Amino acid sequence: MSTLQSNLLENHTPTGREEAWRFTPLKRLGGLHDGTAVIADRVSLAVKGTLPQGVTFTYGDIAAVTETDDAIINRVRAHTAQGTTLHIAANTELAEPLFLHRTQFGVDSAEFARTQIRVGNHAQATIVLENSGDTHIAEDVEIVVEPGAHLTLISLQEWGAATIHAARHHAVVDRDATFKSVVVTLGGDLVRILPTVDFIAPGASCDLSGVYFATEGQFFEHRMFVDHKVPHAKSRVNYKGALAGNKAHTVWIGDVFIRAAAEGTDTYELNRNLLLTDGARADSVPNLEIETGEIVGAGHASTTGRFDDEQLFYLMSRGINEADAKRLVVRGFFNEIISEIGIDDVEVRLMARIDDELAKAGK
Amino acid sequence: MSTLEIRGLKVSVETEQGEVEILKGVDLTIKSGETHAIMGPNGSGKSTLAYSIAGHPKYTITGGTVTLDGEDVLAMSVDERAKAGLFLAMQYPVEVPGVSVSNFLRTAATALRGEAPKLREWVGEVKSAMESLKMDPAFAQRNVNEGFSGGEKKRHEIMQLELLKPKFAILDETDSGLDVDALRVVSEGVVRAKAANNHGILLITHYTRILKYIKPDFVHVFAKGRIVEEGGPELAEKLEEHGYAEYVSA
């Protein structure tokens, strides 16, 4: 485990001094991390529409695929050995994206949820996790992408203002399999997501991208960890965030670990933040740990800045007023990633939400 | 008939060494249908003149006036200047990631015309502007100026000139970085737009080669922040032969 991810002590309750928790406002976690949350008896995840051929969605005993030292996830596991399993049979190619959404909510108690997504040999699927409404939830999502399979997982946080959401999306990616993740966080009071990837055989690749837009008082944290422990795997990380309003706070941690055995690794990670007003704070920490020099490439970049005056001047010199010019720039900034989703009505809906957030920020 | 009038314009910029005056009193009057070439050596302040008229925030106006049909241009915001009828074709057009040319053009046309152009007519307008500038239709889906070659950037600027129909076009070194073929295509676009709209042109250039295509009515020699000589097209020929040496050394 890389130092940026570590909780330092097993079964330890975070105090905020640990590297993995130093940015998170623990008081706003609703007790998810320290055992004080009232755990609800609800299982909120459901399939939208009918299940296609080759896909099962069941609830029952679940065995963890990987270990973790994340304090919240360990509490979830200690609480229940049951969870939801979405299984895509080997060689199944889903023609349409499969949508999952929430059907139960509550802010007086917290849901501790376990979910596994298994994509069989040479199967292909796009899965959309739609999170909306107001709730408290801690969620352990494990994803297994078997040899030759291709999974696109789109996780949408369109939460209401009272939501507390802590989740780990851990993908285990096998030989010649690809895992593409798009995480979009636009709503919630506190959202902390850990998109993490374990490559377990050569030829595996992942593409982790995301956007977040925090407005007044919101805290959004995205903490990647890509573990290159086998040769010839490829990873790309690209997250973009915008912030507006007093005490809007985002955290992006991009932690990539290239172990001694991981010769031929090819990795690049990028985080860009756009500060739209004063009073907001974006923390961005890219981190590469490299134990072998026999690699194809490893790089990272992180930028945090304000509107580019030259871009605004160019647009305004064509008659576009300042507010519209800023909206174009922000939409364009996010569009690079939103357009990766490839589902028209979802893209339109997210852009509309981004416009709303921007309008709120402008007031 | 419109008139763009520049009187005693003084402009400075903030540098690490403090405020530096670039324009030291510029007087120039342009009327609809006229083409004025501003020629001068590098660093003489030609581009500062262009950006100051357009309202770039980097430049501070310290004296003088700019009016368009009597309206105070210097009191307007950048977008208001465009709405009043000013257009600046930039030497270094800016990349706007994630914003497609098509979306950008339609947003600009909507802002300038006060209403969204009818989709069918608009598609036709864009298509014909692109064809006459010999641009690939796929261009409309690319992001504004992102990864454009020098020639593509200039074609894109002149395409906007054709579509946005200003009263006055300021062309800042539109010829720079163009090969002979691209120079011809771009220049023809400028001539075509002018024939259609009868706008006034302020053509800023270092070289005379673009004047073979875009014939100036007036030539102004710019040096050390002001106009130092004025004449007709024959002045350009003199510059072609003798260069700017006599204006710089003095």
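Within every chain, numbering begins at 1; the chains are lettered A, B, ... in the order of the sequence lines, protein sequences first and strands thereafter. Because the structure is predicted, anything quoted here is derived from the model rather than measured. The basis for the numbers below is simple: all heavy atoms, side chains too, and nothing from hydrogens, waters or symmetry mates.
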**Request:** Please test A:Leu328 against B:Val99 for side-chain contact (heavy atoms from CB on, under 4.5 Å), starting from the C-alpha separation and ending with a verdict.
**Result:** CA-CA 7 Å; A:Leu328 266 184; B:Val99 177; 4.0 Å; yes
Would you find a donor on one side and an acceptor on the other, under 3.5 Å apart, between the side chain of A:Asn335 and the backbone of B:Gly98? yes
key: Beyond-backbone contact of A:Phe313 with B:Val78, side-chain heavy atoms, under 4.5 angstrom   = yes
The reported gap from OG in A:Ser317 to CZ in B:Arg81 (rounded to nearest 0.5 angstrom) is 11.0 Å
In terms of heavy-atom pairs under 4.5 Å with chain A, the winner among B:Thr110, B:Thr107, B:Leu164, B:Asn103 is B:Thr107
Exceeds 12 heavy-atom contacts within 6.0 angstrom, atom CD of B:Glu14 | yes
Tell me if the CD atom of B:Glu19 is crowded by more than 12 foreign heavy atoms within 6.0 Å. yes
Is it the case that over 12 heavy atoms from other parts of the model lie below 6.0 angstrom from the NZ atom of B:Lys83? yes
Rounded to the nearest 0.5 angstrom, the CG-CD distance for A:Asn321 and B:Glu80 is 9.5 Å
CD (B:Glu146) and CD (A:Glu336) are apart, to the nearest 0.5 Å, by 7.5 Å
Inspect the surroundings of NZ in A:Lys247 and state if more than 12 heavy atoms from other residues, nucleotides or ligands are less than 6.0 Å away.
no
Would you check if the side chain of A:Gln311 reaches a backbone N or O of B:Glu95 as a donor-acceptor pair within less than 3.5 Å? yes
More than 12 heavy atoms from other groups under 6.0 Å of CZ on B:Phe148: yes
If one checks every heavy atom of A:Phe333 against chain B at 4.5 Å, the contacting part turns out to be backbone
Here the pair of heavy atoms bringing B:Ala111 nearest to A:Gly319 is CB-O, 3.2 Å
Practice prompt. Using a strict cut-off of less than 4.0 Å between a Lys/Arg side-chain nitrogen and an Asp/Glu carboxylate oxygen, indicate whether B:Glu157 and A:Arg318 qualify as a salt bridge.
Written response: yes
Taking the ring centre of each residue, are B:Phe104 and A:Tyr314 less than 6.0 Å apart?
yes
Turns out that what part of B:Pro93 lies under 4.5 Å from chain A's heavy atoms comes down to both
Interface check, chain A: of B:Leu86, B:Val144, B:Asn145, most non-hydrogen pairs under 4.5 Å belong to B:Asn145
CE (A:Met316) and OG (B:Ser77) are apart, to the nearest 0.5 Å, by 5.0 Å
